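Keep in mind it's a predicted model, so treat the numbers as computed, not measured. In the text below, chain A, chain B and the rest are named by the order of the sequence lines, each starting its count at 1.
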Amino acid sequence: MSNPPVEDFATDFDHTDPRWVADPYPIWDDLRERCPVAHTNRYGGAWLPTRHADVTAIAHDTDHFTSRTVVVGNGRPTEEAPPAPIGVAPPITSDPPFHSHARRLLQPVFAPARVDALEPYVRELCGRLLDPFVGSSSIDASLDFAEHIPVAVISKMLGFPEEDGEIFRGFVHEILEAVDLPQEERFERFAPIEEYFVARIEEHQADPQDDLTTFLLNAEIGGQPLAPEHVFGSMVLLIVAGIDTTWSALGASIWHLAQHPEDLERLIAEPTLLPVAIEEFLRAYAPVTMARLVIEDLDFEGCPMRKDDWVLLSFPAANRDPEVFEDADKVIIDRAVNRHAAFGLGIHRCLGSNLARMELRVALEEWLARFGSFTLSNPEAVEWSQGQVRGPRVLPITLG
Amino acid sequence: MRVVIDSEKCQGHGRCFALAPELFESDDLGQGLVIGDGQVAPGQAQAAHLAEQNCPEYAISLVE
């Protein structure tokens with residue numbers, strides 16, 4: 001099932017439109033010029049700022065924009081949906097002041113020192129995925145490589161079996177990509193997800209482990225254990241937010257290098273440039289768009305925003321704003337000044353950004369160590385995800 | 001010249017301690033911290049400018 005085609009993205013935008021899914025950048029560049037805060041009546045009413053300044057202002061304004069629901073879907077958030085300040089997946093769906101408590105709890109887990117300790121595991125995992133393809137003529141960089149890495153790492157952190165990755169990837173599709181399904185159908189599809197997590201929680205209650213699941217079960221805020229829905233919600237968040245995001249960023253980086261032999265040759269000749277190049281891939285191909293809901297009617301830059309309107313908070317569009325980035329539409333792998341917003345701005349800055357950066361660096365190092373020359377097998381065969389996380393889901397690569 | 005972090009603006013993006021590890025470090029939560037008094041040694045000026053220019057939250061400043 002898909003939505004009707006868009007007439008004009010300024011007044012009728014839809015992030016599931018096939019043109020947006022295939023190549024959103026010209027759409028955003030056009031909107032930034034002629035209608036910097038676009039609107040649509042779809043999804044019950046939504047706004048789309050494309051200028052860096054407007055995205056920043058809304059990301060910072062938690063008084064007027066709530067994070068209660070961060071994925072735009074059909075229908076408004078229902079009465080049954082957990083309200084602010086906790087929300088369904090804390091802390092991403094939490095507002096101040098509760099947000100800082102829920103976030104602070106998880107911050108040490110994703111601080112640089114803890115992330116560095118996972119690097120040997122990620123390197124070993126990448127080797128295990130790539131070694132069978134050494135000497136082969138082709139690989140799917142998404143299906144055979146990128147999609148397996150973040151899911152294995154977050155499973156390891158939560159203490160779930162590594163082989164359950166396949167189940168999680170199904171979850172991610174249900175939650176993030178199937179946004180054009182009717183609300184009831186999305187809720188129905190969510191049931192097995194809930195069952196899976198409840199089973200893992202019960203296992204950990206019976207037999208505590210040194211992992212993130214047991215950590216959440218033992219965690220307290222203000223001397224009180226977390227509510228069961230808080231533990232459940234944070235686990236869902238870690239799985240969902242930790243999986244298709246990094247998978248998308250890694251896939252997009254390989255997609256770029258497959259088409260730009262000059263960048264590929266330079267990175268192989270100058271390996272120390274890789275962290276700088278990764279920041280540029282994150283800027284140019286930022287995978288994640290968040291959403292906010294308008295708390296009360298307000299005028300924003302002349303736009304009459306109404307209570308419960310969505311705002312599609314496009315960090316990827318902000319990252320292409322020529323007001324902030326010189327040659328914003330060019331991918332410059334040694335771009336030294338790069339204040340990109342790929343991990344969001346304000347209090348909801350991606351909790352896992354240190355982990356994502358480490359995974360990207362190690363995965364690309366291991367890829368480049370094995371494959372010095374590669375191209376897209378067939379540009380037409382590349383499939384991009386639909387929804388608020390953008391990345392290649394099918395990415396056939398010819399090696400050598 | 002010294003580097004300064006506005007801790008109200010810092011959201012822990014981690015660009016400063018990645019680009020200028022002799023001037024900045026991470027606290028236990030991943031938030032940026034200035035090492036010592038933040039004085040920039042002559043050989044660190046470029047790193048200090050890079051940290052300032054890459055902070056997504058405009059939280060870093062260089063003061064005389």
Side-chain angles (χ1 to χ4, degrees), chain A residues 52-53 55-57 59-60 62 91 99-101 103-116 272 274-276 278-280 282-283 286 315 318-319 321 324-326 334-358 360-361, chain B:
Chain A
H52 186 278
V55 170
T56 303
H60 284 159
T62 55
H99 166 268
S100 64
H101 301 293
R103 182 176 172 91
R104 202 179 173 87
L105 199 68
L106 288 169
Q107 271 178 301
V109 179
F110 293 96
R114 297 283 287 277
V115 164
D116 289 349
T272 56
L274 185 61
V276 181
I278 288 172
E279 296 305 316
E280 179 65 345
L282 285 166
R283 181 193 70 84
F315 298 110
N319 279 352
D321 185 346
V324 177
F325 301 96
E326 211 173 305
D334 61 355
R335 187 185 289 272
V337 176
N338 194 348
R339 269 185 225 273
H340 71 79
F343 293 106
L345 292 168
I347 64 168
H348 292 282
R349 183 271 306 168
C350 170
L351 191 62
S353 62
N354 297 306
L355 179 61
R357 284 185 161 112
M358 182 273 281
L360 285 172
R361 177 176 53 76
Chain B
M1 185 168 72
R2 298 187 294 124
V3 289
V4 179
I5 296 181
D6 181 339
S7 59
E8 293 289 306
K9 289 185 179 171
C10 174
Q11 299 293 350
H13 289 260
R15 303 297 295 128
C16 57
F17 49 78
L19 291 163
E22 295 183 26
L23 294 169
F24 302 92
E25 61 186 346
S26 161
D27 71 9
D28 293 344
L29 300 177
Q31 301 288 108
L33 282 180
V34 171
I35 296 174
D37 62 2
Q39 204 63 42
V40 180
Q44 288 297 315
Q46 195 195 353
H49 283 287
L50 277 179
E52 187 271 324
Q53 291 168 332
N54 280 279
C55 175
E57 305 286 354
Y58 294 80
I60 293 172
S61 44
L62 305 179
V63 295
E64 289 305 324

Neighbourhood of chain A inside residues 1-14 of chain B, taking heavy atoms under 4.5 Å as contact: B:Q11, B:G12, B:H13

Check: A:R103 and A:L351 side chains under 4.5 Å, non-hydrogen atoms: yes

Residues, nucleotides or ligands: over 12 heavy atoms within 6.0 Å of B:Q39 CD: yes

Chain A contact via B:L50 - side chain, backbone, both or neither, heavy atoms under 4.5 Å: side chain

Between A:H60 and B:E57, a side-chain donor and acceptor under 3.5 Å: yes

Spatial distance of atom CZ (B:F24) from atom CD1 (B:I60) [nearest 0.5 Å]: 4.0 Å

Whether over 12 other heavy atoms sit under 6.0 Å from B:D28 CG: no

Among A:G344, A:G346, A:C350, A:A342, residue most engaged with chain B (heavy-atom pairs, under 4.5 Å): A:G346

Electrostatic pair A:E279:B:R15 at N-O distance under 4.0 angstrom: yes

Engaged part of B:Y58 at the chain A interface, taking heavy atoms whose separation is under 4.5 Å: both

Backbone of A:L282 reached by a side-chain donor or acceptor of A:H340 within 3.5 Å: no

From CD (B:E22) to CD1 (B:I35), nearest 0.5 Å: 8.0 Å

Part of B:N54 lying under 4.5 Å from any heavy atom of chain A: both

A:R104 (side chain) donor-acceptor with A:H99 (main chain) under 3.5 angstrom: no

Contact origin within A:A113 toward chain B - heavy atom pairs under 4.5 Å: neither

B:E52, part contacting chain A, at a heavy-atom distance under 4.5 Å: both

Pairs of heavy atoms under 4.5 Å with chain B: top-ranked of A:P112, A:P275, A:S353: A:P112

